[in-house]
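FYI, side chains are in, hydrogens and waters are out, and symmetry mates aren't considered; it's all heavy atoms of this structure. Numbers here are sequence positions counted from 1.
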Amino acid sequence: AILALLVCAPARAQEAATGKEIKEGAYSDILSVGDEAIWSVTNGAMSVRHKNLIIMVISPDDKRTQAAIATKIIGLL
């Protein structure tokens, strides 16, 4: 709940700047990537924790492609 609150305010600022409506909060529904993965609507980035590493995938914008990239990186470790 705290993470969603932290993400909400910057999302409103991005809405005002771009004129595009953004969904609320961050999503932690990426269960198949690493030990824990969170995708944030604020910056469109995915953060993946694998053991003691944190991998952040910023580009491309597609959540599925970001998950595939993170999985590929983890596979190389």
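Heavy atoms of other residues, nucleotides or ligands lying less than 6.0 angstrom from CD1 of I54 number 12 at most.
At least one side-chain heavy atom of I74 sits less than 4.5 Å from a side-chain heavy atom of I55.
To the nearest 0.5 Å, the span separating CG on L77 from NZ on K51 amounts to 8.0 Å. Rounded to the nearest 0.5 angstrom, I58 CD1 and I69 CD1 are separated by 11.0 Å.
With hydrogens and angles disregarded, a donor-acceptor distance shorter than 3.5 Å links the side chain of Q66 to the backbone of P60.
Between V33 and A67 the shortest heavy-atom distance is CG2-CB, 3.8 Å.
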